[in-house]
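Note on naming: letters A, B, ... go to the chains in the order of the sequence lines (proteins, then strands), and numbering restarts at 1 for each one. The model shown is predicted, which means the values in this text are computed figures rather than measured ones.
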Protein chains: 2
Amino acid sequence: MTKERILNIASEEFSKHGYSAVSMNSLVRRLEVNKATIYYHYKDKKALYHEVLKISLSESKANREKLLMGITDPKKRFHAFLKSFLQTIKEKPYIVGLWMHEVANFGSNMDESLTLIVEEMVLFLKELLDELPLKSEYKSCNPYMIFSIIHGTIDNFYAVQMSSLPINAQSSLKLNVDNTLNFLDGFLTDFILNAICQKESK
Amino acid sequence: MTKERILNIASEEFSKHGYSAVSMNSLVRRLEVNKATIYYHYKDKKALYHEVLKISLSESKANREKLLMGITDPKKRFHAFLKSFLQTIKEKPYIVGLWMHEVANFGSNMDESLTLIVEEMVLFLKELLDELPLKSEYKSCNPYMIFSIIHGTIDNFYAVQMSSLPINAQSSLKLNVDNTLNFLDGFLTDFILNAICQKESK
DNA sequence: GTCTATAGCTAGATAGAC
DNA sequence: GTCTATCTAGCTATAGAC
């Protein structure tokens, strides 16, 4: 279906180059469809971009619900929460650039409906944290901080590894999506849980 | 001096909106100077942007050298390393958006000279890490990972707090540069050091 | 070193045929 | 639902006067 094709290509392009750097003409070239056709399906460029953002947030939320289903152990739930972001990236790698651009713009293209989804994510994380056996100094710690550690680190590391620049070029993770995401999964989960949880006593 | 004024305004604008979203016309409007004057001082838009990136990296490096000077204790050196980024943000808040946009683009506007500065930063961090009393599992750990935890977290958290969106709106850090940077300084330094270093035995 | 004036192009968007 | 054709506005960049 054309409408979906437009959305997919648009997602890729907005993610790679950011909102302003993408022209409707460039989309037309890739889609091999007429420009007026895009405007038939989407009111304007902003509406198309907004749809792209919304879909990416929905996918993230859907993955979270899927991966957490049936899991009760608090640490495993936290792990699944983090993994759900990585899963979303695995399915739609373009999402990283999309979100980094949006955060870099200080959310200037976000509206209230999208803001609410983010707030809900952080609220969900807060509940996960409250179930964990936290060290006393991390009880009632700012969940936005933990959210930034998760998201900021994943996005930044993924972007550096997937960049074609010769940064960390000799690493086995370089330009390898699966290796990079698997590494982040193991490393970051342990890193955060070890930092904030009381030591195991079994 | 005009050349410097152009650079300062350009830094702000590129940071706020990203490379493509900034037009030479918009710079002219803010500068109240003729467009041809910009082209007298800078070859073209790309050259101007490149200069902005280079300056921002140089400032970061200069702050690192200043803040680490004379400090020998490994943990304090690590703290000073992290603090140097926060100091750079304090002096030039626009730097956060600038770098997030660049990372989101997977470094598509970086050339070899800028890449080298980043590599040198990570190499420096690696030496700092080697001096620390690391837990065995973090010996020879990927310094790019630690770099991403530092940079990704700072950038993401700062952007969220400074965004005018109603995300974490009730926090005392919201829209307050100094509080946010001070909080990051204390929280993140302890967080990382506690995670990777052996427990104190004194 | 800063200006006026303008070239040459590409952007986002739409009217109307099919 | 997709096309052709086209509008207007804005873009980067430069030639040449002062």
Side-chain angles (χ1 to χ4, degrees), chain A residues 1-56 94 97-98 101-102 104-111 113-114, chain B residues 1-56 94 97-98 101-102 104-105 107-111 114:
Chain A
M1 193 185 167
T2 310
K3 187 168 183 178
E4 213 174 294
R5 265 195 2 106
I6 296 172
L7 194 74
N8 287 337
I9 299 289
S11 302
E12 268 185 53
E13 291 294 307
F14 282 133
S15 146
K16 256 187 225 159
H17 311 292
Y19 177 77
S20 305
V22 174
S23 70
M24 300 306 256
N25 287 334
S26 70
L27 293 180
V28 164
R29 273 191 293 276
R30 279 202 59 187
L31 284 161
E32 292 184 328
V33 92
N34 194 276
K35 187 158 40 166
T37 302
I38 302 184
Y39 283 96
Y40 173 77
H41 290 288
Y42 297 95
K43 185 179 163 284
D44 53 19
K45 191 182 169 187
K46 267 234 138 40
L48 174 56
Y49 181 70
H50 192 269
E51 191 65 18
V52 167
L53 276 187
K54 208 182 92 188
I55 297 282
S56 81
Y94 63 76
L98 197 64
H101 273 119
E102 203 45 50
N105 276 328
F106 289 34
S108 60
N109 293 299
M110 304 259 299
D111 67 3
S113 70
L114 299 181
Chain B
M1 194 187 166
T2 309
K3 189 168 182 178
E4 213 173 294
R5 264 194 4 106
I6 296 172
L7 195 75
N8 286 338
I9 299 289
S11 301
E12 268 185 53
E13 291 294 307
F14 282 134
S15 147
K16 256 187 225 158
H17 311 290
Y19 177 79
S20 305
V22 174
S23 70
M24 299 305 256
N25 287 333
S26 70
L27 293 181
V28 163
R29 274 192 292 274
R30 279 202 60 188
L31 285 160
E32 292 184 327
V33 92
N34 195 276
K35 187 157 41 167
T37 303
I38 302 184
Y39 282 96
Y40 172 79
H41 289 288
Y42 297 94
K43 185 179 161 285
D44 53 20
K45 191 182 168 187
K46 266 234 137 41
L48 175 56
Y49 181 69
H50 192 269
E51 190 65 17
V52 166
L53 277 187
K54 209 181 91 187
I55 297 283
S56 81
Y94 63 75
L98 197 63
H101 273 118
E102 202 46 51
N105 275 328
S108 60
N109 292 300
M110 305 258 298
D111 66 3
L114 299 181

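Of the possible polar contacts, none joining the A:K46 side chain to the A:N109 backbone as a donor-acceptor pair under 3.5 Å is found.
A:S113 and A:D111 share a side-chain donor-acceptor pair at under 3.5 Å.
Here the CG atom belonging to A:D44 is positioned 7.5 Å from the CE atom belonging to A:M24, to the nearest 0.5 angstrom.
Across residues 6-26 of chain A, not one residue has a non-hydrogen atom less than 4.0 Å from an atom of DNA chain D. For the segment residues 27-44 of chain B, residues with any heavy atom less than 4.0 angstrom from an atom of DNA chain D are, sorted by number, B:K35, B:A36, B:Y39, B:D44.
Residue B:S11 comes nearest to B:L7 through the heavy atom pair OG-O, 2.7 Å, listed as atom of the first residue, atom of the second, then distance. Smallest separation of non-hydrogen atoms from B:Y49 and B:L98: CE1-CD1, 4.1 Å. Across all non-hydrogen atoms, the minimal contact from A:V33 to A:V28 is O-CG1, 3.0 Å.
With a 6.0 Å cutoff to the six-membered ring centre and a 45° limit on the axis angle, B:K16 does not count as a cation-pi contact of B:Y94.
Residues that satisfy the side chain to side chain contact (heavy atoms under 4.5 Å, CB included) test with A:H41, not counting sequence neighbours, are A:T2, A:K3, A:I6, A:T37. Every side chain to side chain donor-acceptor pair (under 3.5 Å) that A:R30 has, sequence neighbours left out, goes to A:E12, A:E13. With sequence neighbours left out, the ring pair (Phe, Tyr, Trp, His ring centres under 6.0 Å) criterion links A:Y42 to no other residue.
Heavy-atom contacts of chain B under 4.0 Å fall on DNA chain C between two terminal nucleotides, which in 5' to 3' order are C:dG1 to C:dT4.
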